[in-house]
Amino acid sequence: MNSTYEQLFFAPESVADVAALSDGLQVGECVIKPITLGRRRHHTLHLTILSVGDFRYLCCMLLPGSDPSETRLSEILDRIESLILQSDVAGNLTYLNARARQVLGLTGKASRLPMHLRDVQVDFSPDSFAETVSSLTPSGIARLRSHFRHTDGSEIPVEVSMVASQHPGDAAYVITAWPIADQLADKQTLGNALLAANRDWDGATRETERLRSEYHYPSADPPLVFRSDAFQRVINRVEQVAPTDIDVLITGESGTGKSVVAQTIHRLSGRADQAFISLDCSSPPAELLASEFFSYPKGAFTGAFRDRVGRVQAADGGTLYLSNIEELPLPLQAQLKKLIDEERFIPMGEQEKVNVDVRLVVSPIAELAEATESGRFRRDLYVHLSEYSIDCPPLRRRPEDIPVLIDHFLARFNQECKKPVSGVDDSTLVRLMKYEFPGNVAELESMVERAFIVGKKGTIELPESVLPTDGSYRPVLDLFDGRLTEFLPLADYQKKYIELVLESTGGRVSGKNGAAEIMKVNPQTLFSKMKRLGIKR
């Protein structure tokens, strides 16, 4: 800054002079004052108030010379970045500053300056302009959003501020405008981002609901209803392992309550306040299991339209229950073993590993040792998972649990359906106690529910339509007095007995605890007899 401006703006008396000149100055009004600065140097001081957006600015310019003409004011306005136009009450334009001419494409020598505001403003309306003019008070400001027209026909979005001239008897209006295309583009970008975020949020919400459908938070009183010593041994094993972080293998036939036992282990563990996530390894197609098992980001592969949280990551801090574990493909078994060893995994389509703290509880539908021997299940994974196992006995081995389970199911159905049923009649109970229940507790629940639906108040009977018609209701041997309850041809009795033993072994014929070992016969002999009797596993 040179000494002239230092003297003007930093000398106390000069600052006071400027303040006095600008005091009471209105928007659009200009003060021009000749001043002399040391050694008789003549200058002209120009002061004006401009309105830009919500702000007012005091513009001050000191020009050499003593000519206080409007040319000097034009020089000031031409140096302002805003578009400044002046019109009369009819909209005829009387002035455009240099910035306005530049933005509107009027800088060439052959360019003809517009004569009316309608030549500049795309959405000009005589009625609207007249209404705006009539609404302006001497110190008022009108603000609006509009579009100006470039000489090439393109439209320029602008914010407009309009004030009336402050000179008495001068019916002129000063229009200050500034382009807002960048702001609108940013707003559009922000809008698109918000739409994308909303889509992602909706996707995340659906994903959360999908995972939430897999969450199971066992109640304070889990549905472990029993009276038998056989199931009490299961509870003892559960209570022993639950407080630890040991991975657990739960064995047993389908419908024996393995998932309920898994939930109970979770509820009694230190992870009870975290998620319990379950996955049936036989449910998704093999090619989709990996994406169901592990997380993947949007675009990881064709069809990955959004981020997906896999079951492993969803169970972080909690328990992951894998049923039908032997159906897990060998490549995924290897990844599962690596997850157990390292406690981290790499999501599909990514490079960085994700740390997780997951307790595994698994259950097979068949004998896992047999799957290991045949090469369908990794031996190292089997050795790890079988370190602690819990076997759920079939319902036929704990018939004393049938009456209390029936009472439990009826109590729940009564509460849900508001239908008072006190129990089942004696004959129905006797028939159920003699039934083999190949579907175990799940089958009993289904049978009681069907009887409940068709039954009335009081006790319910078990209609013939409820019991299976495939011959599975067969009281072959009364275990209470050791006498046959029906007489059959020897071949039929052998078939029924072999089928019963095979059910208890999950269909396994040879090996430890296989049907051949239980019946003390050679496995090949048993295979031949099964083929001759038409027995299928």
Given side-chain contact (heavy atoms from CB on, under 4.5 Å), test I535 with K529 step by step and report yes or no.
CA-CA 8 Å; I535 299 174; K529 187 175 288 293; over 6 Å; no
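- You'll find the side chain of L429 reaches within 4.5 Å of the side chain of I406, heavy atoms only.
- Minimum interatomic distance between R149 and L104 (heavy atoms only, all atoms of both residues): O-CD2, 3.6 Å.
- Donor-acceptor pairing under 3.5 Å is recorded for the side chains of S146 and Q121.
- Between Y388 and I246, the shortest heavy-atom distance links the atoms CB-CG2, 4.0 Å.
- We find the CG-CG distance between L381 and L360 to be 8.5 Å, quoted to the nearest 0.5 Å.
- Considering only heavy atoms from C-beta on, I265 comes within 4.5 Å of I250 through its side chain.
- Under a 3.5 Å cut-off, the side chain of S389 and the backbone N or O of S386 do not form any donor-acceptor pair.
- Inter-residue side-chain proximity for E387 and L249 is flagged as unmet; no heavy-atom pair is nearer than 4.5 Å.
- Remark: F409 pairs with no residue by the ring pair (Phe, Tyr, Trp, His ring centres under 6.0 Å) rule, at least two apart or across chains.
- At distances below 3.5 Å, not a single donor-acceptor pair connects side-chain atoms of R508 with backbone N or O atoms of A515.
- Sorted by first and then second residue, the pairs that involve residues 229-248 and meet salt bridge (Lys or Arg N to Asp or Glu O under 4.0 Å), not counting sequence neighbours, are D245-R271.
- A distance-only check finds a donor-acceptor pair linking the side chain of T264 to the backbone of V260 [under 3.5 Å].
- Minimum interatomic distance between E400 and V404 (heavy atoms only, all atoms of both residues): O-CG2, 4.4 Å.
- Not counting sequence neighbours, the partners of E416 by the salt bridge (charged side-chain N to carboxylate O under 4.0 Å, His left out) test are R412.
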Under 3.5 Å, side-chain donor or acceptor atoms of residues 328-339 against the rest of the protein: list the pairs with distances, not counting sequence neighbours.
| from | atom 1 | to | atom 2 | distance (Å) |
| --- | --- | --- | --- | --- |
| Q333 | OE1 | R378 | N | 2.8 |
| Q333 | NE2 | L328 | O | 2.6 |
| Q333 | NE2 | R376 | O | 3.1 |
| K337 | NZ | D341 | OD1 | 2.9 |
| K337 | NZ | D341 | OD2 | 2.9 |

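- Applying the salt bridge (Lys or Arg N to Asp or Glu O under 4.0 Å) test to residues at least two apart or on different chains, the pairs with a partner in residues 249-258 are E253-R396.
- Using a 3.5 Å distance cut-off with no hydrogens or angles, the side chains of T251 and D391 do pair a donor with an acceptor.
- Using a 4.5 Å heavy-atom threshold, the side chains of L279 and S323 count as separate.
- Between C392 and V234, the shortest heavy-atom contact is CA-CG2, 4.3 Å.
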Could you go through the side-chain contact (heavy atoms from CB on, under 4.5 Å) check for I365 and E326 one step at a time?
CA-CA 8 Å; I365 191 64; E326 74 279 11; 2.5 Å; yes
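- Proximity of V103 to I156: side-chain heavy atoms (C-beta onward) are separated by under 4.5 Å at one or more points.
- For P399 against R397, the heavy-atom pair with the smallest separation is CD-C, 3.5 Å.
- A side-chain hydrogen bond (donor to acceptor under 3.5 Å, both in side chains) check over residues 363-372, counting only residues at least two apart or in different chains, returns the pairs Y321-S363.
- Looking at heavy atoms from C-beta onward, P179 lies in side-chain contact with L83 at the 4.5 angstrom threshold.
- Judged by distance alone, the side chains of N236 and Q240 never bring a donor and an acceptor atom under 3.5 Å apart.
- Residues L320 and F276 are not in side-chain contact: their nearest non-hydrogen atoms beyond the backbone lie 4.5 Å or more apart.
- Of the possible polar contacts, none joining the D357 side chain to the G317 backbone as a donor-acceptor pair under 3.5 Å is found.
- With sequence neighbours left out, E343 forms a side chain to side chain contact (heavy atoms under 4.5 Å, CB included) with no residue at all.
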Check step by step if side-chain contact (heavy atoms from CB on, under 4.5 Å) holds for V509 and L502.
CA-CA 7 Å; V509 177; L502 285 173; 3.9 Å; yes
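- Heavy atoms only, all atoms of each residue included: E327 and S282 are closest at CG-CB, 3.7 Å.
- The closest donor-acceptor contact from the side chain of N440 to the backbone of A442 lies at 3.5 Å or more, if one exists at all.
- Remark: E449 pairs with F413, I453 by the side chain to side chain contact (heavy atoms under 4.5 Å, CB included) rule, at least two apart or across chains.
- Here Y382 pairs with nothing under the ring pair (Phe, Tyr, Trp, His ring centres under 6.0 Å) rule; sequence neighbours left out.
- The main-chain N or O of A242 is never found under 3.5 Å from a side-chain atom of H266 such that the two would form a donor-acceptor pair.
- In this structure, the salt bridge (charged side-chain N to carboxylate O under 4.0 Å, His left out) partners of E159, at least two apart in sequence or on a different chain, are R145.
- Listed for the S446 side chain is no donor-acceptor partner under 3.5 Å among the backbone atoms of E443.
- For the atom pair D280 CG and L322 CG, the distance stands at 9.5 Å (nearest 0.5 Å).
- Side-chain atoms of R359 and V248, non-hydrogen and from C-beta on, do get closer than 4.5 Å to each other.
- With sequence neighbours left out, F377 forms a ring pair (Phe, Tyr, Trp, His ring centres under 6.0 Å) with no residue at all.
- Side-chain contact check for D127 and S125: no donor-acceptor pair (N or O, by modelled atom type) lies under 3.5 Å.
- Every residue meeting the salt bridge (charged side-chain N to carboxylate O under 4.0 Å, His left out) condition with E342, not counting sequence neighbours, appears here in chain and number order: R344, K353.
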Test side-chain contact (heavy atoms from CB on, under 4.5 Å) on E373 and R379; report intermediate values, then the result.
CA-CA 8 Å; E373 291 296 331; R379 184 172 297 277; 3.5 Å; yes
